[in-house]
J.: 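The structure is given below, and queries will be raised subsequently.
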Amino acid sequence: MKVLKWIGVVVLVIALVVGGFLAYVAITGVPTYDTQKIDLKVDITPERVAHGRQLAAGLCMHCHLDPETKLLTGHELIDLPPEFGRAFSRNITQHPEKGIGKWTDGDLAWLLRTGVHPHTGRYLPPWMPKFPHMADEDVASIIAWLRSDDPLLAASPVDNRESEPTFFAVFLTHIAFKPFDYPTKPIAYPDTTNTVEYGRYLATAVYDCYQCHSADFAKNDPLDPPKSEGFFGGGMAMPDASGVNVTCPNITSHPKSGVGRWTREQFIHALATGIRPDGTPMRYPMVRFNTVNDHALGSIYDYLMTVPAIDNTVAKPELPASYASKGEELFVKKGCNSCHGNNGSGIASLMLADRKYPDDSVLVDVIKEQQRYNPDSFMPHFGEILSDADLQLLAAHVRKLCNAGGSVAHN
Ligand code: HEC
Ligand code: HEC
Ligand code: HEC
């Protein structure tokens, strides 16, 4: 009896502690932290601006580029799993109030490194990436680009919308996601001739491929990425812009379930074009790393081949079984809706396409070779896989969506 009584007391104490902690989380919301003024002045050189833009195309634009303004004024992150709530990226144009016009170089470095807002001390939720291991030179390049005269960053007074994290997301910011310390020592650029080392840097400190391609966001270890659960073994599912759940594949060297079945050339090609060796396009949120050069992509492959192989075959996305038209079927099966949503808006809007490209042959060409019209867009190179007949059907479907939508709408 005594033993049972003690167990009862222990359970009660645990319940009180847990209950108290949950109440504390609910009351305090996303935690705030002390901030530090960083003394940094980045020299803005043309090389840095160009390199920074290249990094930002793969690291920032898909989240901060607003399909309506075509500037980095922010938008809702529609691929956030619903259990995390709603998140809005922010206006990072050079506008002094709405954007980052008044931020110092040190403020920017502090935020990118630690994940803590330099003015309010608020922790930026997990969906804004942090770069604790990025080389100083890459951080400097991103800052130089943010300060540059790139038209995407031209000051724009678009209002910010506050994110609405769920209790669960706030809870995670108390237990699983913590800010990183600002580095106390310089972080050198890796030796780019050592492809395994360079690839490791790109995959774990810059493009953070492991963050999506491991078992579970909450079990990733950003301070020591190889300690993340199921490192590069895939398995996490995330909704694309049409609501279809897409599972991140296993990209370890496993010869059957990983990318060990691909050659280095096939890997480079898939990442650069968005088209896999079997001719299937990769759905969003995987984006084509269009601004990353072949040496860098090949280095990522070389590194992945050194990561312990995991045997884990992931499920293919489940797509509807029947369609209203052949055009709609192609729009879904070729992954167009993974970015443009079922109604043609999504993370990149098609709503103006009908008016912008009245000539059918031009609209077809825009779908076929978007990269020529818009070098920054991460739309796959569809010219490689779509026949002329398919392109015609898709162009007709795009026009139909424009007519149904009428205005530039989100989601
Ligand atoms: C996965 C989406 C995502 C990516 C990628 C991303 N951001 Fe963000 N960013 C966000 C979100 C969401 C917020 C707002 C978080 C909040 O406060 O709720 C944000 C906030 C910011 C802020 C703070 C602005 C302010 O007014 O508080 C800056 C600066 C910023 N991001 C810059 C960048 C840069 C530079 C990159 C690329 C290196 C980048 N972001 C990549 C989603 C993203
Ligand atoms: C935002 C999450 C995210 C990030 C970051 C990301 N991926 Fe992916 N990746 C995905 C998803 C989701 C898919 C599945 C797409 C599909 O099945 O259509 C995918 C597919 C792939 C594939 C195809 C594998 C196969 O078996 O079909 C490769 C290769 C790949 N990613 C490599 C990378 C590399 C390398 C990086 C970093 C440079 C990276 N990914 C970053 C989400 C991501
Ligand atoms: C990985 C994401 C992604 C996928 C998949 C994708 N697109 Fe795009 N698409 C984009 C982006 C980004 C843009 C550039 C939007 C901009 O300039 O604002 C774009 C632009 C376009 C445009 C031009 C819009 C304009 O106003 O200039 C058309 C048309 C288009 N896409 C059709 C398609 C079709 C059809 C498919 C499928 C065969 C498809 N897209 C698949 C991301 C994607």
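In this text, all values refer to a predicted model and were calculated from it rather than measured experimentally. Counting starts at 1 for both ligands and their atoms, in listed order. If you read the sequence from its start, that first residue is 1, and numbering goes on from there.
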J.: I'd like to verify the contacts: list protein N, O or S atoms under a distance of 2.8 Å from atom 8 (Fe) of ligand 3.
T.: His340 NE2, Met379 SD
J.: Go through ligand 3 atom by atom and flag the ones less than 4.0 Å from a non-hydrogen atom of Leu363.
T.: 29 (C)
J.: In terms of heavy-atom contacts, does CG of Asp39 have more than 12 from other residues, nucleotides or ligands at under 6.0 Å?
T.: no
J.: Below 3.5 angstrom, do we get any N/O pair linking Asn91 and ligand 1?
T.: no
J.: Roughly how far apart are Arg261 CZ and Lys256 NZ, rounded to 0.5 Å?
T.: 12.0 Å
J.: Is the shortest side-chain N to carboxylate O distance from Asp390 to Lys326 below 4.0 Å?
T.: no
J.: Applying the side-chain contact (heavy atoms from CB on, under 4.5 Å) test to Pro165, which of Leu172, Val170, Thr173 qualifies?
T.: Val170
J.: Quick check on contacts: which atoms of ligand 1 are under 4.0 angstrom from a heavy atom of Arg122?
T.: 16 (C), 17 (O), 18 (O)
J.: Taking the six-membered ring for Trp, is the centroid-to-centroid distance between His295 and Tyr198 below 6.0 Å?
T.: yes
J.: Measure Leu352 to ligand 3 on non-hydrogen atoms and call it side chain, backbone, both or neither using the 4.0 Å cut-off.
T.: neither
J.: Heavy-atom pairs closer than 4.0 Å: do any link ligand 3 to the side chain of Tyr357, the backbone, both, or neither?
T.: side chain
J.: Which part of His117 is near ligand 1, with near meaning a heavy atom under 4.0 Å away: side chain, backbone, both or neither?
T.: side chain
J.: So does Cys60 have any N/O/S atom less than 2.8 Å away from atom 8 (Fe) of ligand 1?
T.: no
J.: Between ligand 2 and the protein, find all N/O pairs closer than 3.5 Å and give the distance for each.
T.:
unit_1   : atom_1 : unit_2 : atom_2 : d
ligand 2 : 7 (N)  : His213 : NE2    : 2.9
ligand 2 : 9 (N)  : His213 : NE2    : 2.9
ligand 2 : 17 (O) : Arg276 : NH1    : 3.3
ligand 2 : 18 (O) : Arg276 : NH2    : 3.0
ligand 2 : 18 (O) : Arg283 : N      : 2.8
ligand 2 : 26 (O) : Arg261 : NH2    : 3.2
ligand 2 : 27 (O) : Arg276 : NH1    : 2.7
ligand 2 : 31 (N) : His213 : NE2    : 2.9
ligand 2 : 40 (N) : His213 : NE2    : 2.8

J.: Are Glu328 and Lys400 ion-paired here, with the side-chain N under 4.0 Å from a carboxylate O?
T.: no
J.: Whether Lys102 and Asp107 form a salt bridge (side-chain N of Lys/Arg under 4.0 Å from carboxylate O of Asp/Glu) is what I want to check.
T.: no
J.: Using 4.0 Å as the upper bound for N to carboxylate O, is an ion pair formed by Arg113 and Asp181?
T.: no
J.: Please classify the Lys356 to ligand 3 contact at 4.0 Å (heavy-atom distances, strictly less than): side chain, backbone, both or neither.
T.: side chain
J.: Hey, would you say the Trp103 and His117 ring centroids sit under 6.0 Å apart?
T.: yes
J.: Check whether any N, O or S atom of Ser89 sits under 2.8 Å from atom 8 (Fe) of ligand 1.
T.: no
J.: Can you confirm if the aromatic rings of Phe84 and Phe168 lie within a centre distance of less than 6.0 Å?
T.: yes
J.: Please tell me whether His213 and Phe232 form a close aromatic pair, meaning their ring centres lie under 6.0 Å apart.
T.: no
